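Atoms within each ligand, like the ligands themselves, are counted from 1 in listed order. Keep in mind that this is a model prediction, so the values were computed, not measured.
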Amino acid sequence: MNSPTSSTDTTPAHPAWLPSSAFAAVGRRRVAVRGDGALVGTIAAEVAGATAAHGGSFTRLDPGSGVGDADLVLTLTEDDDAPGPDDGGSACDAEDESFRLLRDDGAVVVQSASDRGLLYGFFHVVRLGEAAFTGPDAVETHAPATPLRMLDHWDNVAVHDVMGQVERGYSGGSIFYADGEVRADLSRVEEYARLLASTGINRVAINNVNVHAREARLLTDGLPDVARIAAAFRPWGIRVHLAVSFAAPMTLGGLPTADPLDAGVARWWRDAADRVWARIPDFGGFVVKADSEGQPGPFAYGRDHADGANLLAAAVEPHDGLIHWRAFVYDHRQDWRDRSTDRARAAHDNFAPLDGRFADNVIVQVKHGPMDFQVREPISPVLAALPRTRVALELQVTQEYTGQQKHAVYLGRAWSEILRFDFLAGAATPPVPEPGTTTSSDIPPGPTTVAGLVANSGGLVAVSNAGDDEFWTGHPFAQANLYAYGRLCWDPAADPVGLLGEWIAMTFPGAAPGVAGAIHEILDDSWETYELYTAPLGVGFMVRPGHHYGPDVDGYEYTPWGTYHFADRDGIGVDRTVATGTGFAGLYPSPWREIYESAETCPDELLLFFHHVPYTHVLHSGKTVIQHIYDTHFEGVERVERFVATWSEARSSLPADAARLAARVTDRLTEQLRSATDWRDQLNTYFLRKSGVPDTHGRTIH
Ligand code: GCW
């Protein structure tokens with residue numbers, strides 16, 4: 001686990017994708033900023049810094065004054081600004097985060113009805129660099145796909161015995177907490193807020209969803225400190241949320257019960273919420289992990305998750321607050337001998353029947369896959385099973401199961417695939433629900449992709465990968481994941497490799513062209529590479545129990561966690577069909593239920609998630625399952641060997657001030673190669689011994 005934070009570490013943080021040189025194009029121009037509003041001050045300070053560094057000029061204009069001959073004008077919409085074709089022209093709308101960019105003969109005007117929109121417009125211009133000014137004349141409107149673009153931190157205030165300062169954190173300590181307290185110096189939080197705002201993130205939950213005793217108190221006597229954190233985020237348009245314990249009325253309030261239908265409990269939550277908003281008027285809301293992995297919840301009182309969520313929703317409703325209620329609910333005390341219980345079904349079984357009962361300010365937060373952030377899972381059917389409920393997609397930027405920021409794994413490609421997944425697979429009309437079913441087949445007409453389903457609903461949430469590490473993310477390349485997550489929240493249709501290119505261009509401005517090419521070579525297909533040398537064909541969870549790093553094929557096989565692969569001498573995989581298995585495939589709308597139901601039509605990469613097949617089963621690729629396992633594991637390691645060679649050549653072209661970053665990347669790649677080799681040898685050896693089927697190429701398997 002990560003080491004506890006050192007509060008005395010003074011190494012300055014790497015600027016990530018906002019080094020001073022990323023502002024050169026803006027900074028060498030004549031820039032005017034016009035308008036009132038807290039965030040306009042933030043923009044003005046950014047522009048002042050950039051122009052001072054790069055030789056341009058900066059003017060702060062009063063509302064209503066003329067803009068003169070500036071090259072770039074950043075302005076709140078004023079009465080005389082002609083509305084664009086589709087922006088409605090609504091002036092001063094704080095909720096409107098859109099902005100307009102007008103380019104006329106190289107002069108650029110960015111306009112927005114809100115200071116947040118203007119901030120996003122400013123960073124848009126920074127991202128474009130020279131191209132912002134050299135492009136053809138244009139009038140463009142940019143708006144985020146969803147108003148809810150959030151990061152969750154699994155940070156503990158007090159270092160946890162097992163999980164450390166940051167649960168599943170691989171980037172050092174917490175930027176919020178050290179030594180059991182909220183840090184006195186929150187300057188790293190301010191820098192972080194700036195980085196996030198530049199990608200479009202607008203909400204952050206600041207503590208672990210596993211709420212331990214110390215962390216629970218953030219809600220009560222910790223409020224002054226939470227207010228300080230909120231103040232650090234505020235200039236960047238980011239609202240703070242807290243994870244709370246469902247048992248708080250008992251553990252903090254001394255009540256005899258936390259029953260969601262108890263009037264005293266309801267009153268306790270209302271008072272608690274009132275105190276929070278009195279202190280932090282723009283507070284966002286509460287995040288709750290209930291009845292999951294030992295966290296308290298409504299089941300203890302014979303109530304369900306709608307009862308639990310609505311209790312908190314009523315408390316925060318007068319303040320326009322939100323409740324993010326996690327759907328990650330399953331039996332973690334399963335009997336591995338029992339093949340009828342299927343963890344993949346659990347969230348659907350618990351939540352689908354509750355559709356329509358959640359209050360309007362409850363967001364059910366659904367992990368992207370039915371299991372738990374594996375490198376490859378099908379899309380959670382829950383996302384389409386709650387048409388009368390606000391639903392958020394939950395992703396994991398921290399690389400718990402994807403190399404723990406020791407392995408270079410760019411997840412933008414994976415997330416893009418998830419967001420583009422179409423529950424109706426392009427079917428012209430929604431299928432007619434089967435009589436009496438309450439499954440996802442009755443999703444309403446309208447957007448049926450994951451991105452479409454969450455856009456006007458609960459938006460996106462992801463677990464952050466940032467910590468107090470010099471490079472923010474442990475592996476410097478893992479910054480690209482944080483960056484891409486924010487950008488995909490804004491525009492889920494963005495090309496993920498293009499976003500990687502943006503991150504490279506901003507993070508390494510002016511680097512020799514070979515550097516960008518090398519980083520693309522390493523990262524573009526790195527998600528697939530990781531999949532090649534780890535768990536095959538969607539089977540998942542072949543990791544060391546507890547810390548989840550490195551191979552252990554049977555590590556979870558005979559445990560209570562519900563994460564099995566059922567490999568024996570004849571075959572491998574989980575039968576989740578309706579015909580002979582757990583029925584999970586039937587939770588999808590058509591045509592996916594049919595596609596997944598049959599081993600003939602199930603995509604290769606998910607075969608073992610849905611089917612138990614013999615090792616000699618022939619994939620669509622033409623290979624047998626066993627030969628696929630051997631080949632992919634050899635290929636995965638070969639690819640990592642190439643990563644190492646590519647980087648060792650590229651790093652010599654980096655400027656001297658990137659030496660620490662270069663060394664860190666080299667160290668991580670060395671570990672990635674060691675670990676990938678371990679994965680290859682353990683997996684191949686295990687399956688050779690289990691199956692007795694030799695590698696057709698006769699390579700060394702131990
Ligand atoms: O992936 C699992 C992690 C837990 C985590 C849990 C969750 C915060 O191993 O560490 O707990 O998911 O998402 O709640």
Side-chain angles (χ1 to χ4, degrees), residues 1-2 150-171 174 176-177 204-216 218 241-246 286-297 305 308 324-334 343-344 346-347 350-351 363-377 380 382 392-405 411 414 460-467 534-535 540-550 552 555-556 559-563:
M1 224 33 57
N2 57 286
M150 180 156 165
L151 277 165
D152 281 1
H153 279 261
W154 287 352
D155 296 25
N156 298 314
V157 181
V159 176
H160 185 267
D161 295 352
V162 181
M163 290 298 167
Q165 183 86 62
V166 181
E167 180 153 350
R168 310 308 178 186
Y170 313 104
S171 307
S174 165
F176 305 113
Y177 318 110
V204 170
I206 59 170
N207 64 304
N208 190 359
V209 290
N210 291 329
V211 185
H212 309 293
R214 172 69 185 85
E215 291 71 24
L218 289 171
H241 296 234
L242 274 183
V244 297
S245 164
F246 195 76
F286 299 141
V287 181
V288 190
K289 172 176 177 177
D291 289 317
S292 167
E293 299 183 333
Q295 292 299 302
H305 283 269
H324 282 82
W325 190 271
R326 298 180 80 229
F328 183 60
V329 177
Y330 69 98
D331 176 6
H332 70 287
R333 296 203 181 88
Q334 205 181 308
R343 171 165 162 181
N350 278 299
F351 284 84
I363 292 172
V364 174
Q365 184 171 321
V366 182
K367 288 191 183 188
H368 67 78
M371 296 296 284
D372 195 1
F373 298 139
Q374 300 303 289
V375 67
R376 177 76 69 172
E377 291 185 46
S380 171
V382 180
L393 171 69
E394 182 178 321
L395 301 170
Q396 198 184 40
V397 186
T398 194
Q399 291 169 238
E400 177 177 0
Y401 293 99
T402 50
Q404 304 201 346
Q405 281 129 263
L411 292 167
L460 281 89
V461 183
V463 187
S464 177
N465 65 351
T534 57
F541 276 106
M542 292 180 167
V543 291
R544 299 245 158 84
H547 59 60
H548 297 168
Y549 187 74
D552 190 344
Y556 271 112
T559 71
W561 293 93
T563 49

Per-atom contacts, ligand 1 versus [X] - under 4.0 Å to a heavy atom:
X	result
F328	6 (C), 7 (C), 12 (O), 13 (O), 14 (O)
H548	9 (O)
R168	3 (C), 4 (C), 9 (O), 10 (O)

May I ask you to identify the nearest protein heavy atom to [atom], giving residue, atom name and distance to one decimal place in Å?
atom	value
atom 12 (O) of ligand 1	K367 NZ, 3.1 Å
atom 1 (O) of ligand 1	D372 OD2, 2.6 Å
atom 4 (C) of ligand 1	E167 OE2, 3.5 Å
atom 3 (C) of ligand 1	E400 OE2, 3.3 Å

Using side-chain heavy atoms (C-beta onward) and a distance below 4.5 Å, is [X] in contact with [Y]?
X	Y	result
E215	N208	no
N156	Y177	no
E167	V209	no

Closest heavy-atom pair, S292 versus V329, reported as atoms and distance to 0.1 Å, is CB-CA, 4.4 Å
Please check whether [X] reaches ligand 1 - meaning an N/O of the residue sits under 3.5 Å from an N/O of the ligand, judged on distance alone.
X	result
R326	yes
K289	yes
Q396	no

Task: Atom pair NE2 (H368) and CG (L393), whose distance is rounded to the nearest 0.5 Å - done: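 Rounded to the nearest 0.5 Å, the NE2-CG separation comes to 8.0 Å.
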Given V463, N210, V211, which has its nearest heavy atom closest to atom 8 (C) of ligand 1?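 That would be N210.
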For ligand 1, is [X] a contact, meaning one of its heavy atoms is under 4.0 Å away?
X	answer
E394	no
E293	yes
M163	no

Practice problem: State which residue, out of R326, Q396, Q365, fulfils the side-chain hydrogen bond (donor to acceptor under 3.5 Å, both in side chains) condition with D152. | Solution: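 Looking at R326, Q396, Q365, the match for D152 under the side-chain hydrogen bond (donor to acceptor under 3.5 Å, both in side chains) is Q365.
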Discussion item. I'd like to know if the side chain of S171 and the backbone of N465 have a donor-acceptor N/O pair within less than 3.5 Å.
Written reply: yes
Option passing ring pair (Phe, Tyr, Trp, His ring centres under 6.0 Å) with H548 (candidates F373, Y401, W561)
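Considering F373, Y401, W561, a ring pair (Phe, Tyr, Trp, His ring centres under 6.0 Å) with H548 is found only for Y401.
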- Task: Fit a plane to each ring of Y330 and H332, take the angle between them on a 0 to 90° scale, and name the class: parallel (under 30°), tilted (30 to 60°) or perpendicular (over 60°).
- Result: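 Ring orientation of Y330 relative to H332: perpendicular.
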